[in-house]
Each structure stands twice: as structure tokens, then as C-alpha cells.
Amino acid sequence: MSAGGLQIERLQEHLKTLKLPRTAEDLPTLVQRASKKELSYTDFLEEVTTRELETKRERLTAMKTTMARFPFQKTLESFDFTFQPSLDQKVIRELAKGRFIDDADNVLLLGPPGVGKTHLAVALGMKACAQGCRTLFMTASAMLTQLTRFHNENRLEEKLKQLTQPKLLIIDEIGYLPLEPLAANLFFQLVSRRYERGSILITSNQSLSGWGDVFGDQVIATAILDRLLHHSTILNIKGESYRLKEKRKAGLLTRSEPYTQAAEVPGKAS
Ligand code: ADP
Ligand code: MG
């Protein structure tokens, strides 16, 4: 082997020890290309470090995304804003920048089933992960089951601590079922614990005025809302279900079905 080849091998060992595997692997190509293009030392070093930083960032994003336990992966890019005109795209784009997480502000995504609340919650969560933010996604029912279990085992504190760690906590589907008094109380404790410390993003099919019924108690609902809303963005999605639109397109819905809206059925006389 040539002296140059041996040196490349030595460098590759150094790079591996320094935990720069991508550069180690590509070094022969990188060096060859640099000498062909007659890159300056600084240009070469910049190229190498930029690639390595990209790799690190990708790996961090992948790790945060796994830790977030999303039920599926959905992106803002795949969200059709034209279908949901009541939703201000600018507000979503601003949220995607993640400043609300730095400020420990909350987000409430409200609207009827199928309008894309969970899609948007996951998409914003994925943006947070891409910014290196520790994120956790849970359905409200899974979260309350866990809180109740830990409470019954006298380990509530442990669970509350754990749920305070992610910088962004996404709680999906509050309001589908009314809560037992204990669950409402535990939810209040969680919200209080995270108040001004970490962001909560909540989705709900109930308007805020319906939260008294959800929590079975107006006083506790008010106390929860008071903390949630103090620093928050509320998005009310008023549109039609995307699921139904897809079904209708496929011809699976007929005019007589209850969700069908007169204005949207082609050819229906009004
Ligand atoms: P919700 O949580 O409000 O009940 P989902 O977020 O689960 O609604 O949306 C239902 C399905 O429709 C999902 O597969 C979602 O990806 C899709 N969807 C909803 N709204 C849109 C949209 N505006 N553009 C693209 N896909 C959408
Ligand atoms: Mg949903």
C-alpha cells in the first residue's frame, strides 16, 4: 500500500475514534474530490464538518422522533390547507418554528372529528423533534390510565416527574369520554405541574365551553383552562371531515347519510 493509502487508513481510525463515522467512511472520496477541485484547506474542512453536523442532526431527529412515540408519521407538508380554510396557515407555520416550546406556551387544537387535529399535532411534534426538542405523544385516555395506575400505587409523583420532562407534551383526544373525578383531578395536577415549565399541545373535539362536562366539574375545568390558556394559541378548526371527503370521493357516501352536507353533494338541489 502507498504511503498516502496508509495515511488515509490512519486518518480513518482517528475519525472513528473521534466518532465521526461518516467522514471516516467517505474520506478517500472526499480527499480525491478535494484535490481534483483544488479546494483550499478551509473549504475542505468546512465540507467535512458540515456533512458531519448534518449526520448528527439527522441522528438526533431520528432519536427524538422514536422517543416521542407518535402513532404514525404525518407532516405539515402533507397537510392540505386549502381543504381547511378556517385554519390560519400562518399560525401553524409560526408554531412549526417552535418558539412556543421555548416559551413553554400551550396549543389547543379544537374541532370536530376528522378535520386533521391529530395530523397537525403529530406534524408539529415532528417539527419539534427536528429541532432537537424532547417530545412525547400520548392519547388522553392512555395518559389518564397511567396517571390513575401510578396514583393507585402511591407513585403519582414519579409519573408526574416523568411527564414533566418532555419539553413538548402532546395529549390527543381530550373530551371523547367524560372523565371520572379522580382522572379530572390527576389531569389538573399534570397541567399545574407543567404550567410555565413545558408546553402542552392538546387536541379536543369539544369546544372550550364543553370542558365543564368533560371534566364533570366546572370548578376543576376552569382551573385547568386557566392554566392552559394563560400562555396559549387556540386553533378552532370548523371545517368538514377529511375522512368523509375521501369516502365521498370514492363514492362510499350517499346523499341520505347523516354527515352529508347539502352544499357539497354534486347535483343535489337546494
Ligand atoms: P382528527 O384528529 O381531527 O379527528 P385526523 O388528524 O385523524 O383528524 O385526520 C383524519 C385523516 O385525514 C388522517 O389520515 C389525516 O392525515 C387526514 N387529514 C385530515 N385533514 C387533512 C388535510 N387537510 N390534508 C391532508 N390530510 C388530512
Ligand atoms: Mg384525532
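Note that ligands are numbered from 1 as they come in the structure, with each ligand's atoms numbered from 1 the same way.
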Close N or O approach (Phe79, ligand 1; < 3.5 Å): no
Val115 N/O under 3.5 Å from ligand 1 N/O: yes
Regarding ligand 1, does Leu120 bring an N or O atom to under 3.5 Å of one of the ligand's N or O atoms? no
What protein heavy atom is closest to atom 2 (O) of ligand 1, reported as residue, atom name and distance in Å? Thr118 OG1, 2.8 Å
State whether the shortest distance between N or O atoms of Gln84 and N or O atoms of ligand 1 falls below 3.5 angstrom. no
I need the nearest protein heavy-atom contact for atom 24 (N) of ligand 1: residue, atom name and distance, please. Asp80 N, 2.8 Å
Any side-chain donor paired with an acceptor under 3.5 Å for Gln189 and Asn185? yes
Take Arg22 and Thr55 through the side chain to side chain donor-acceptor pair (under 3.5 Å) test and state the conclusion after the steps. CA-CA 8 Å; Arg22 187 168 173 197; Thr55 311; 3.0 Å; yes
Within the distance-only criterion (no hydrogens, no angle test), does the side chain of Arg99 pair as donor or acceptor with the backbone N or O of Leu95 below 3.5 angstrom? no
Evaluate the side chain to side chain contact (heavy atoms under 4.5 Å, CB included) criterion for residues Phe100 and Asp103: first the C-alpha distance (whole Å), next the side-chain angles of each, then the deciding distance (0.1 Å), finally the verdict. CA-CA 5 Å; Phe100 79 101; Asp103 298 344; 5.7 Å; no
Lys117 side chain to Gly111 backbone, donor-acceptor under 3.5 Å: yes
Taking atom 12 (O) of ligand 1 as the reference point, the nearest protein heavy atom with its distance: Tyr242 CD2, 3.4 Å
Which residue and non-hydrogen atom of the protein lie closest to atom 8 (O) of ligand 1, and at what distance in Å? Gly116 N, 3.2 Å
If I apply the N/O under 3.5 Å rule, does Tyr176 come out as touching ligand 1? no
Do the side-chain N and O atoms of Tyr195 and His230 include a donor-acceptor pair separated by under 3.5 angstrom? yes
Establish, from distance only, whether the side-chain atoms of Thr148 and Thr145 form a donor-acceptor pair under 3.5 Å. no
Could you check whether Lys245 makes a cation-pi contact with Phe83, meaning its NZ or CZ is under 6.0 Å from the centre of the six-membered ring and within 45° of the ring axis? yes
Can you sort out which atoms of ligand 1 are near Pro113, meaning under 4.0 Å from one of its heavy atoms? 4 (O)
Which residue holds the protein heavy atom closest to atom 4 (O) of ligand 1, what is that atom called, and what is the gap in Å? Gly114 N, 2.7 Å
Distance alone, cut at 3.5 Å: any donor-acceptor contact between the side chains of Asp172 and Thr118? yes
Checking contacts here: is it the side chain or the backbone of Ser78 that comes within 4.0 Å of ligand 1, counting heavy atoms only? Could be both or neither. backbone
Pair Phe72 and Phe70, ring centroids less than 6.0 Å apart: no
Thr118 near the Mg ion (ligand 2): N/O/S under 2.8 Å: yes
Report the part of Glu173 (side chain from C-beta onward, or backbone N, CA, C, O) that has a heavy atom under 4.0 Å from ligand 1; answer both or neither where that applies. neither
For atom 10 (C) of ligand 1, which candidate among Lys74, Lys117, His119, Arg243 provides the closest heavy atom? Arg243
